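Structure record follows, encoded as structure tokens.
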2 protein chains.
Amino acid sequence: MSARTPDTARDIPEATVARLPVYLRALIVLADAGTATCSSEELAAAAGVNSAKLRKDLSYLGSYGTRGVGYDVEYLRYQIAREIGVTQDWPVVIVGIGNLGHALANYSGFRSRGFRVVALLDADPARHEEVVAGLDVRSFDDLEGIVEEHDVSIGVIATPAVAAQDVADRMVAAGITSVLNFAPIVLSVPEGVDVRKVDLSIELQILAYHEQRKAVTARAEDAS
Amino acid sequence: MSARTPDTARDIPEATVARLPVYLRALIVLADAGTATCSSEELAAAAGVNSAKLRKDLSYLGSYGTRGVGYDVEYLRYQIAREIGVTQDWPVVIVGIGNLGHALANYSGFRSRGFRVVALLDADPARHEEVVAGLDVRSFDDLEGIVEEHDVSIGVIATPAVAAQDVADRMVAAGITSVLNFAPIVLSVPEGVDVRKVDLSIELQILAYHEQRKAVTARAEDAS
DNA sequence: TATTGTGAACCTGTTCACAGCA
DNA sequence: TGCTGTGAACAGGTTCACAATA
């Protein structure tokens, strides 16, 4: 039975998992620039981390470098893509086609980085006329059919906060097990379902906190 | 000289800082629902963390609760808003008014959570005709004047990756010291400038990694 | 010789469990 | 009595520094 267990079954720390996509992005830039080989120092610089951290992270995947030489850009790129699971495209549905949903539907980065938007859904019938990014905006009631048809396991929520929990519940019931949530609300989902959230205001507030402290520190230094 | 040093000068762990906006959001929901008082257990549930972590986080700010009772919602809300620095609005400029820039300009959450978009800038003259969210889209060359006029210290970059570093350099030169970057590229900025990044594809890739492992685990269990 | 891969030390963040207090 | 605030134990993540090796 272990014959089916792939060699990617190692346990990779969460912090490392969150950085693998950054390394992959950096490798793609290097590959596009025609670079065949890079040292941990170079790759780390391109990814915005220090080289010790990069090497430690890569060591969880295996020994893909060559001592005294560095890493083969294409080879490492493939290994990381395989580890993340983006060697084939993942079908994705986006629910909530307001301003943000529009932007997400049109975002070319999804297509080029391992994702394919298969449907855009909105609860508002007034939006069902529209074609966005080459896709018809469809009724939210089509969710179950689309998930089944395309075997979708990742859903994106770009609705207002009040609708988000209902959307999440329907997604989970339909078989979706990973959710990217842009609504400013904490979703509750059953065990086994992953949720990641992006809250634009929270990011700005974190900056504001540090900005405020800069001002405070500057004033304190002025005074002394 | 220490008379000017406010009592917010304590050193708050970064992980705590990142959660304060979440607590603030939860408190606003509770306040809007008419809740006057809440326990650490209730607030933690609303914020999606455990109560021990919440209490520990709040303890870095001070002792704002009452033993045996809980927290006064309005009082704690104000204290956290003050700590973050969002009791007054921060002026913000957005550069890059494509799909995402449009969505950000129209995002009501900024206005309601301590930020005011004072200008929209784009390098493409074809976009300077447009009015988005009630603001004229202006030339990127107006950056310096706007930063000075409105005393802007926070900038948002929503340009394509190729333009982002140039935009960041101009922002820093103009006096901006905090940047929220949506372009999929690592920005290099001088000491003292904060950058936070949001990369939509990276979030999806992290979900994909876990999704892939679910499939692997399920197969391994089937086989045994 | 140059650079990787990694144990060990260190540091940060989380959880426990209970003392302190309204 | 009930809930906060917090030391102490624990877990996870980062950095150091060097042995392994192409």
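All of these numbers come straight from a predicted model, not from anything done at the bench.
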Problem set entry | Nucleotide C/dT4, atom P - distance to CZ of A/Arg55 in whole Å | 6 Å

Exercise. Hey, are A/Asp194 and B/Arg213 close enough for a salt bridge, meaning a charged N less than 4.0 Å from a carboxylate O?
Worked result: no

For this session: Using a cut-off of strictly less than 4.0 Å, decide whether B/Thr66 has a side-chain nitrogen or oxygen near OP1 or OP2 of C/dA22.
Result: no

Exercise. Under 3.5 Å, is there a donor-acceptor pair linking the side chains of A/Thr87 and A/Arg82?
Worked result: no

Problem set entry | Among C/dG5, C/dC16, C/dT14, the one nearest B/Arg19 by side-chain distance | C/dT14

For this session: Return the value, rounded to whole Å, for the distance between atom NZ of A/Lys53 and atom P of D/dC16.
Result: 11 Å

Exercise. Do we see a donor-acceptor contact under 3.5 Å between the side chains of A/Asp72 and A/Thr37?
Worked result: no

For this session: Name the closest nucleotide to the B/Arg67 side chain, picking from C/dG13, D/dG2, D/dG13.
Result: D/dG2

Seminar exercise, completed: Closest to the 5' end of DNA chain D, once A/Ala52 and B/Cys38 are matched to their nearest nucleotides, is B/Cys38

Problem set entry | Euclidean distance, atom CD of residue A/Glu41 to atom P of C/dA2 [Å, nearest integer] | 14 Å

Problem set entry | Distance-only donor-acceptor check, side chains A/Asp57 and A/Tyr23, under 3.5 Å | yes

Seminar exercise, completed: Result for 5'-nearest mapping on DNA chain D, choosing between B/Tyr60 and B/Val69, is B/Val69

Exercise. Just how far, in rounded Å, is P of D/dC18 from NZ of A/Lys56?
Worked result: 15 Å

Exercise. Between C/dT6 atom P and A/Leu61 atom CG, what is the distance in whole Å?
Worked result: 11 Å

Problem set entry | Geometric cation-pi criterion, B/Arg116 with B/Phe110: 6.0 Å, 45° | no

For this session: Give the rounded distance in Å between these two atoms: CG of A/Asn50 and C1' of D/dT15.
Result: 7 Å

Exercise. So, is A/Tyr64 close to the C/dT3 phosphate, meaning a side-chain N or O under 4.0 Å from OP1 or OP2?
Worked result: no

Problem set entry | d(CG, B/Asp72; P, C/dA22) in whole Å | 17 Å

Exercise. Is any side-chain N or O of B/Tyr71 closer than 4.0 Å to OP1 or OP2 of C/dA22?
Worked result: no

Exercise. What is the distance, rounded to the nearest whole Å, between atom CG of A/Asp57 and atom C1' of C/dT4?
Worked result: 14 Å

